[in-house]
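Okay, so here's the structure we're looking at.
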Amino acid sequence: MPKRHADAKPKLIVRHMEPKDFPALVALSERVYESGYTEEMLRGQLSHFGEGQFVAEYEGEVVGHCATFRIDEATAMAPHTWREITGGGFASRHDPKGDWLYGMEVCVDPDFRGRRLGRRLYDQRKKLCQQLDLKGIVFVGRLPGLQRKLKQYGSVESYIEAVENERARDATLSFQLRNDFVPRGVMPKYLPSDTASMGYGVRLLWRNPRRAENPVIRRQQKEGRLPDTVRVATVQYQQRRIADFDAFARQVEYFVDIAADYRSDFVVFPELFTLQLLSVANEPLSPADSLRTLTQYTEQFRDMLKRLAVAYNINIIGGSHPTYVEDGDIHNVCYVALRDGSLHTQEKLHPTPNERYWWKIAGGEQAAAILTDCGPIGVMICYDSEFPELARHLVDQGALLLFVPFCTDVRQGYLRVRYCCQARAVENQVYVVTSGNVGNLPGVNNFDIQYAQSGIFTPCDFPFPPDGVAAMTTENTEAVAFADLRLDALVEARSSGTVLNLKDRRHDLYLTTWSVPSEIAKRKAAKPAT
């Protein structure tokens with residue numbers, strides 16, 4: 001057997017600071033700053049916040065130092081000097097309940113620069129920030145090119161802007177920008193001894209991408225109720241003749257059972273899949289009368305969904321079903337039965353022209369996110385998905401998943417829904433799950449041909465499939481598709497993805513305002529009777 005010559009011992013490591021490192025760190029700081037840290041300062045840093053102090057070690061030699069402490073937001077964002085905020089270098093302002101990590105020091109041995117040691121120390125800070133679930137990292141960075149270039153740019157702010165736009169290069173600030181830190185204001189007299197920076201510093205922020213900014217999602221994160229991953233199942237439902245409601249319920253339960261056996265958190269059914277119940281009586285009724293006939297099954301349908309959700313421990317997006325509402329209109333309603341026994345509703349807001357003309361379906365007026373044990377979700381019924389305002393409204397309320405039950409007869413109609421759903425996934429950085437009907441019911445009035453290819457769609461960015469498709473069924477075939485969707489990847493993409501569709505909206509240019517229920521009621525009351 002050939003002899004191995006591999007050296008398994010790492011040459012470069014980043015580890016927590018220990019008391020034995022003090023002499024080496026004192027010497028390192030003197031090489032970098034001439035007048036550096038004392039052992040007493042290092043001992044203070046270690047005693048106040050040991051888990052936030054790091055060293056880089058190369059072949060047993062200490063070649064880098066990183067010091068941090070926790071601090072509250074008000075103190076970190078107020079004007080301060082380095083001496084004030086760090087307690088004279090002892091990290092004595094450390095607040096164990098602080099929601100930001102303050103970076104008081106990163107230095108690298110001049111002989112070891114160019115080996116990305118600074119990057120490794122910053123990555124260690126970011127990792128600590130995420131482990132502690134803090135808002136982010138804040139510190140004040142040097143501007144070593146300022147003294148030489150101030151006359152050229154006229155002001156500190158103009159110099160920083162030039163570095164941001166890559167019209168100028170600053171050895172320190174350019175590095176910080178490459179590490180995803182964002183400038184947030186100039187700090188005069190931050191470190192008077194820093195002559196190259198003329199005493200100035202620039203406050204820099206890095207926000208924790210794993211900490212959701214939406215308060216609804218954040219609350220669930222804080223309470224430990226937001227799972228990293230959820231499993232969803234979409235049912236491509238085959239229409240077939242049935243004898244009674246019990247036969248329909250058995251078919252629905254079959255798919256719920258399958259999804260539960262695969263430990264799914266959600267199962268979604270198509271829009272108006274209860275039209276199958278028209279085959280029970282199969283009377284020669286007009287389209288509008290057929291819809292009215294279906295409303296007699298509403299209570300049975302609701303009760304069935306609630307029973308199955310609890311019995312199989314799964315959240316059910318119950319497609320949609322025509323339902324009478326208080327004003328006597330028929331709305332197309334999605335019933336969402338959660339595994340805690342609760343039942344929620346979402347009405348279709350945009351009936352298609354044919355639904356309005358033939359079936360006399362009226363549109364609903366509100367869209368609310370539904371809080372589940374797997375995060376907030378939203379429902380858009382078929383045609384609703386073709387209106388960007390609705391998806392954005394639900395995502396603004398915290399929705400991480402959007403469910404789209406649909407019912408389309410031909411390929412063109414299906415593709416309208418699919419392409420719009422994929423657009424909603426990209427522009428809102430959200431998961432979108434679709435479910436459609438397949439098969440036909442010959443001889444059954446008012447329910448003709450069906451075309452569907454159900455899918456589970458994602459944003460198009462590095463944590464997700466390149467084509468934005470997590471799962472897809474075979475077209476026009478009864479099937480169930482499953483996918484595991486990482487909520488933590490979604491939260492992180494919204495904070496630090498390649499593109500930031502939610503953050504980068506131009507609120508200064510456009511705004512969509514939704515009417516409140518009281519305004520809608522007043523308009524209805526003022527409308528003349530017809």
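When a residue number appears, it is its place in the shown sequence, counting from 1.
Judged by distance alone, the side chains of Asn437 and Gln239 do bring a donor and an acceptor atom under 3.5 Å apart. In this model, a donor atom of one side chain and an acceptor atom of the other lie less than 3.5 Å apart for Gln422 and Arg418. Gln276 and Gln251 form a side-chain donor-acceptor contact under 3.5 Å, judged by distance and modelled atom types alone. At a cut-off of 3.5 Å, with distance as the only test, a side-chain donor of Gln397 or His393 sits close to an acceptor on the other residue. In the model, Tyr451 has a side-chain atom that pairs as donor or acceptor with a side-chain atom of Glu475 under 3.5 Å. One side chain, Asn332 or Ser320, offers a donor N or O that lies under 3.5 Å from an acceptor on the other.
Considering only heavy atoms from C-beta on, Tyr102 stays 4.5 Å or farther from Thr68 through its side chain. Here the side chains of Ile370 and Pro376 are not in contact, with every heavy-atom distance at 4.5 Å or above. For the pair Glu299/Arg302, a side-chain contact is recorded, criterion being any heavy-atom separation below 4.5 Å from C-beta on. Side-chain contact between Asp265 and Thr229: absent, with no pair of heavy atoms (C-beta onward) separated by less than 4.5 Å. Taking the side chain as every heavy atom from C-beta outward, Met77 and Leu205 approach each other to under 4.5 Å. Contact annotation: the side chain of Leu272 approaches that of Trp359 to within less than 4.5 Å [non-hydrogen atoms, C-beta and beyond]. A 4.5 Å side-chain heavy-atom check between Ile316 and Val336 finds every atom pair outside the cut-off. No side-chain heavy atom of Ile381 sits under 4.5 Å from any side-chain heavy atom of Val404.
When atom types are taken as modelled, the side chain of Gln296 and the backbone of Thr293 share a donor-acceptor pair closer than 3.5 angstrom. Panel note: side chain Arg210, backbone Glu492; no donor-acceptor pair is recorded below 3.5 Å. Between the side chain of Ser286 and the backbone N or O of Asp289, at least one donor-acceptor pair lies under 3.5 Å. Here the side chain of Thr473 pairs a donor or acceptor atom with the backbone of Ser454 at under 3.5 angstrom. A donor-acceptor pair under 3.5 Å links the side-chain atoms of Gln220 to the main chain of Thr372, judged by distance alone. Panel note: side chain Ser435, backbone Val235; a donor-acceptor pair is recorded below 3.5 Å. Side chain of Ser342 to backbone of Leu338: no donor-acceptor contact under 3.5 angstrom is found. Under a 3.5 Å cut-off, the side chain of Gln346 and the backbone N or O of Gln366 do form a donor-acceptor pair. In this structure, Arg70 contributes its side chain and Asp99 its backbone to no donor-acceptor pair below 3.5 Å. In terms of modelled atom types and a separation under 3.5 Å, the side chain of Arg356 and the main chain of Pro351 share a donor-acceptor contact.
Residue-environment remark: CZ (Arg207) stays at or below the threshold of 12 foreign heavy atoms within 6.0 Å. Within 6.0 Å of OH in Tyr510 there are more than 12 heavy atoms belonging to other residues, nucleotides or ligands. Within a 6.0 Å radius of CZ in Arg218, other residues, nucleotides and ligands contribute more than 12 heavy atoms. Counting non-hydrogen atoms of other residues, nucleotides and ligands closer than 6.0 Å to NZ of Lys503 gives a total above 12. Counting heavy atoms of neighbouring residues, nucleotides and ligands inside a 6.0 Å radius, atom CD of Glu223 exceeds 12 of them. Around atom CZ of Arg263, no more than 12 heavy atoms belonging to other residues, nucleotides or ligands sit under 6.0 Å away. Counting non-hydrogen atoms of neighbouring residues, nucleotides and ligands closer than 6.0 angstrom, the CZ atom of Arg240 exceeds 12 such neighbours.
In summary, the aromatic rings of Tyr297 and His321 are positioned with their centroids too far apart to meet the 6.0 Å limit. Ring-centre distance between Phe406 and Tyr383: not below the 6.0 Å cut-off. Within the 6.0 Å centre-distance limit, the rings of Phe269 and Phe273 are counted as a close aromatic pair. Taking the six-membered ring wherever Trp is involved, the centroid distance between the rings of Phe266 and Phe403 falls below 6.0 Å. Taking the six-membered ring for Trp and the full ring otherwise, the centers of His344 and Tyr335 sit at least 6.0 Å from each other.
Atom SG of Cys407 and atom CD of Glu355 lie 8.0 Å apart (nearest 0.5 Å). Rounding to the nearest 0.5 angstrom, the gap separating the CG atom in Leu291 from the OG1 atom in Thr323 is 10.0 Å. Interatomic distance, Gln176 CD to Asn179 CG, rounded to the nearest 0.5 Å: 7.0 Å. Interatomic distance, Cys382 SG to Glu271 CD, rounded to the nearest 0.5 Å: 4.5 Å. Once rounded to the nearest 0.5 Å, the distance linking CD of Gln429 with SG of Cys460 reads 11.0 Å. The SG atom of Cys129 sits 5.0 Å away from atom CD1 of Ile137, with the distance rounded to the nearest 0.5 Å.
Between Ala399 and Val430 the shortest heavy-atom distance is O-CG2, 3.8 Å. The two residues Ala391 and Arg424 have their closest heavy-atom pair at CB-CD, 3.6 Å. Of all heavy-atom pairs between Asn476 and Val438, the closest is CA-CG1, 3.5 Å. When all heavy atoms of Lys360 and Ala288 are compared, the closest pair comes out as CG-CB, 3.7 Å. Pairing each heavy atom of Asp384 with each of Lys348, the nearest pair is OD2-CA, 3.5 Å. When all heavy atoms of Gly318 and Leu305 are compared, the pair lying nearest together is CA-CD1, 4.0 Å.
With respect to the salt-bridge test (charged N to carboxylate O, under 4.0 angstrom), the residues Arg339 and Asp373 qualify. The pair Arg486-Asp488 meets the salt-bridge criterion, since a charged nitrogen lies less than 4.0 angstrom from a carboxylate oxygen. Between Arg119 and Asp123 there is a salt bridge, since at least one side-chain N of the basic residue sits less than 4.0 Å from a carboxylate O of the acidic one. Using a cut-off of 4.0 Å between Lys/Arg side-chain N and Asp/Glu carboxylate O, Glu213 and Arg494 are scored as not salt-bridged.
A cation-pi contact links Arg125 to Tyr122, judged by a cut-off of 6.0 Å to the six-membered ring centre and 45° from its axis.
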Intermediate values then yes/no, salt bridge (charged side-chain N to carboxylate O under 4.0 Å, His left out), Arg505 and Asp396
CA-CA 12 Å; Arg505 285 179 283 172; Asp396 280 343; 3.1 Å; yes
Salt bridge (charged side-chain N to carboxylate O under 4.0 Å, His left out), that's the test. Do Asp95 and Lys97 meet it? Break it down for me.
CA-CA 5 Å; Asp95 178 359; Lys97 296 182 179 179; over 6 Å; no
Should Ile456 and Thr234 be marked as a side chain to side chain contact (heavy atoms under 4.5 Å, CB included) after you check the CA-CA gap, both sets of side-chain angles, and the distance that decides it?
CA-CA 8 Å; Ile456 301 169; Thr234 178; 4.1 Å; yes
Passes side chain to side chain contact (heavy atoms under 4.5 Å, CB included), Val469 versus Thr458? Steps please.
CA-CA 6 Å; Val469 179; Thr458 75; over 6 Å; no
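Between Tyr431 and Phe464, the ring-plane angle classifies as perpendicular under the 30° and 60° cut-offs.
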